[in-house]
Amino acid sequence: MSSVLIRGGRVIDPASRIDGAFDVLAVDGKIERVAPAGKAAAPEHAAVVDARRCWVVPGLIDVHVHLRDPGFPQKETIQTGLRAAAAGGFTTVAAMANTQPVNDTPEISHYMLERARGAHTTRLIPVSAVTKALQGRASVDYRAMAAAGARLFSDDGMPVDDEALLARAMREIAGLGFVISLHEEDRGLSCNGAANAGDVAKHLGVTGYPNAAEAMRIRRDLALALEQKTPVHIAHVSTRESLELIRDARTRGAQVTCEVTPHHFAMDHRAVLRHGPNAKMNPPLRAEGDVETLHAAIADGTIDMIASDHAPHDPASKHLDELGGFFSPGEDAPRLPAHAAETFADCANGVIGLETSLGLAMDLVHRELIGASRLVEMMSLNPARLLRLDAGSLEAGRPADISIIDPNLDWTVEPERFRSKSRNTPFVGMRLQGKAILTIVNGEIVYDGRKGND
Ligand SMILES: [Zn+2]
């Protein structure tokens, strides 16, 4: 029997309405008790963790990551991706289906789960594709995928264009007790745009990706969800219009949840001028006004959760050899020559996020936009609810998935020190305050970043 006693931390567990100095005792992979600080005795052979000045929270959960395995080991593997997750404070991540082959059969899910078990670190939930090979034409066998471990269904990376197919998928997935996560993009409007429609896209000479490409799809899908009374989750919301549609649908009874990524709330489209390919993603970084609306929606509860959309890419996929010279973190890029603008449009979308997500989210707390408890709701409790997991809380009897966070630890983003295999981040060199220092999964320490252990 293994046990861990975490002493004297600030325990923040919104599900049990706890926020104060407590001890947490985990025995044999389960939470045994949460007792006022100094009141829990250490069982024999227990590992004792001094958590004074730290937060002790239910393990963080990320509902949206890309681990590139199977298919792209040069970008990430399940092992490196999950180690990055553990270092970021995450105890569970949901890995999207756009691998090669796509996760549209139980065999691929079994492969992913087997690799994850072998890594002995953060838990992995395989996300099932909605359509075969993400091609939008034939449905996946949702029941078989749920039996193989899927707890979320998504064609993320691709929108589902066919309304009839989507409506049926929403009903079938809801019938299994799960939720569909939607990448909302009208490709007729986004036109493979390489940056937010506006000044930055104009300056670079690339096609703009308008807010409407996201909002029009959200409007359609919320109408379907309302009509069918099925739950729906909107991935990576980035625009003011998207949030207005979500608020409005809720007043009419829609069961809709949504997530925001740290890059969409921490940066606006001007970052693309300095970071180029490493700030290119889908949906793109938006204008200043949209970012302000995201902050307001985080504060007022419209946005339910933070998800990293961790999207590792190798330098070749980002065309850094050809484009790197145009961009420097220190100054805005010049206008791109036509051939470079074309290359920019071809760059893979996405940024890594597992090791910066918490630090960027902590900034919301330090700036008093949200309280600590709301942060835990957005990074643990609400993600657990979306995935229908017995997690997101430190109640006795729950799995001992715990993140210990030093809220005041100052650190600098140095991608070369990351566990992830990839380095594509626009946050390079940024100073952040707050970091996971210990991550516990099923009662076992899977990441120890305390002094000398990192
Ligand atoms: Zn997406």
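Each ligand, and each atom within it, is numbered from 1 in the order the structure gives. It should be emphasised that the depicted structure is a prediction, and the values quoted were computed from it without experimental measurement.
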*Write out all pairs satisfying salt bridge (Lys or Arg N to Asp or Glu O under 4.0 Å) with one or both partners inside residues 119-131, taking only residues at least two apart or from two chains.*
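Listed once each, the pairs are Arg123-Asp401.
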*Just grab all the salt bridge (Lys or Arg N to Asp or Glu O under 4.0 Å) pairs involving residues 196-219, residues at least two apart or on different chains.*
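Sorted result for residues 196-219: Asp161-Arg217, Glu214-Arg286.
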*Assign the ring pair His236 / His64 to parallel, tilted or perpendicular, where the plane angle (0 to 90°) is split at 30° and 60°.*
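Because their plane-to-plane angle lies in the 30° to 60° range, the rings of His236 and His64 count as tilted.
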*Hey, what's the ring geometry for Phe153 with Phe178, parallel, tilted or perpendicular (30° and 60° as the breaks)?*
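Rings of Phe153 and Phe178: tilted, 30 to 60°.
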*Side-chain (Ser422) to main-chain (Asn424) donor-acceptor, under 3.5 angstrom*: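 No; judged by distance alone, with no hydrogens or angles, the pair does not exist.
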*With the Zn ion (ligand 1) as the centre, enumerate protein N/O/S atoms below 2.8 Å in chain and residue order.*
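Checking every protein N, O and S atom gives Asp156 OD1, His183 ND1, His236 NE2.
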*Got a sec, which pairs hit side chain to side chain donor-acceptor pair (under 3.5 Å) with one end in residues 166-179, sequence neighbours left out?*
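Matches after skipping sequence neighbours: Arg171-Gln228.
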